[in-house]
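Worksheet: one structure, shown below.
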2 protein chains.
Amino acid sequence: MRDAAVAESRPYHHGDLRRALVEAARRILESEGPTALSLRAVAREAGVSPAAPYHHFKDKGELLDAVAHVGWDMLGESMTGAKQRAADLASLMTEIGVSYVQFSQQHPALYRVMYDCSRDKDELPEGMQDNEDSAYCLVRETFRKVAGPDVEIVDIELATIAAWCAAHGLAEMSTFKQFDSLKIALGGEEAFLRGVLGHLGMFQANKPAKV
Amino acid sequence: MRDAAVAESRPYHHGDLRRALVEAARRILESEGPTALSLRAVAREAGVSPAAPYHHFKDKGELLDAVAHVGWDMLGESMTGAKQRAADLASLMTEIGVSYVQFSQQHPALYRVMYDCSRDKDELPEGMQDNEDSAYCLVRETFRKVAGPDVEIVDIELATIAAWCAAHGLAEMSTFKQFDSLKIALGGEEAFLRGVLGHLGMFQANKPAKV
DNA sequence: CACCAATCTGAACGACGTCAAGATCAATCT
DNA sequence: AGATTGATCTTGACGTCGTTCAGATTGGTG
């Protein structure tokens, strides 16, 4: 099962190269970061020639799309878990938001790929709103449940977008070193996250100071 | 051999190449987008050899830093203008937020460079919090003024970060095509922005539906 | 078994970031 | 003034990248 770069007696035809390439890409992301993620490096990691990927992906972008799709699935699972772990209904969104940002911190390179390849197309990432368990739909349905039936659909949608913007913004900014001292003052990374989210409309389970 | 490809026959020594390179980079960003922004293209645009920039910038990243710095100055001015245009104190943050996102929509390529080169270093962008007129400080000081003297400094800081996350997230997501129909339903781009911001804690000048 | 389509290789092209060596020029020091 | 120095710019090169294409290899189908 372990198909490392040292596959001496690999047959001419790989068998499942498409999947192997996506996994090789993720391995590179985890170990060397996004800047090291070249098509050639992925092919090298998978033990294959630089041209081989083109039989499974139109170009580099399409490979990254596949990697991102895996990431969105992982994030969806992560958020679903947080939703189920939430104690009461009021803290639902907070727990989901925290798990979102924590995922981005545990897989920073993957998270970056997830968004970069969608920004290039000005489209929501494929895999972000595919099925009911997908990340975006999870948030929207949670809002729908919390809000009740008398809230207009437009407002559900706007609230979902607003929550997403806040979480995504925090995900991208929470790694900046300038916030380190503030994190220490608040007692750790998670306290910082909850502190920031607490100042935003839909994450107010723990009543922050009114600003 | 004096004839350059460009109209002006410049002397061997340019005189102010550093500034010319930054402006060339911005020109390329506006006309061809971020993917076309290579060091060689910038040098070409400035009518200079590919190695010339290395006498003014350590590497490509340092050139992008300079471009980003200009962008942050522009954004700071934009937000200051919006702050002064705000009618009452309650709508201050909303107007600033709208102007932030609108800037990102008017200069999408520049905005992207502004953040990308800071994400690479896990540091807040240089030029974002340099002086009192800089974008970040503007928001924080506005919060301090609105909140009054009885609110703790930590909460001011958290609110600033929260607002920034929301605005940045919206800036990156507002261009996604999936929101087009919602924008039309709400009556335009700006109504969409105000609708989303209205669902977030500190932008609640126009009382959105409670979700 | 023969053939086809899918898969993989090898070599190549242009573009990129970067560097070292040399050319050119402005300013300063005799 | 003329010589020297240091900054600036060019030329040419290296290795890497994304991508393409002709040819080698293979599994599956008739």
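Just so we're on the same page: letters track the sequence lines, and every chain starts at 1. Bear in mind the structure is a predicted one, so any value in this text is a computation, not a measurement.
DNA chain C is contacted by both G61(B) and S49(A); S49(A) maps to the nucleotide lying nearer its 5′ end (nearest heavy atom per residue). In terms of position along DNA chain D, the nucleotide closest to A36(A) lies nearer the 5' end than the nucleotide closest to the other residue of the pair A36(A) and A51(A). Comparing K58(A) and S38(A), the nucleotide of DNA chain D nearest to each residue sits closer to the 5' end for S38(A).
Remark: R19(B) does not engage E23(B) in a salt bridge, criterion side-chain N to carboxylate O under 4.0 Å. In this structure, E45(A) does not pair ionically with R26(A), as no charged nitrogen and carboxylate oxygen lie closer than 4.0 Å.
Rounded to whole Å, atom P of dA13(D) lies 13 Å from atom CZ of R40(B). One atom, CG of L63(B), and another, C1' of dG17(C), lie 12 Å apart when rounded to the nearest Å. Going from atom CD of E62(A) over to atom P of dT19(D) covers 11 Å, rounded to whole Å. Atom OH of Y54(A) and atom C1' of dT7(C) are 16 Å apart (whole Å). In this structure, E32(B) places its CD atom 13 Å from P of dA15(C), rounding to the nearest Å. Straight-line distance from the CZ atom of R44(A) to the P atom of dC17(D): 5 Å, rounded to whole Å. The interatomic distance linking L39(B) (CG) with dT10(D) (P) rounds to 14 Å, in whole Å. Atom-to-atom, CG of L21(B) to P of dC9(D) comes out at 9 Å; the value is rounded to the nearest Å.
In this structure, the separation between CD on E157(A) and OG on S181(B) is 8.0 Å, given to the nearest 0.5 Å.
Distances shorter than 4.0 Å separate none of the side-chain N or O atoms of H55(B) from OP1 or OP2 on dT10(D).
Side-chain contact between L158(B) and L186(A): present, with at least one pair of heavy atoms (C-beta onward) separated by less than 4.5 Å.
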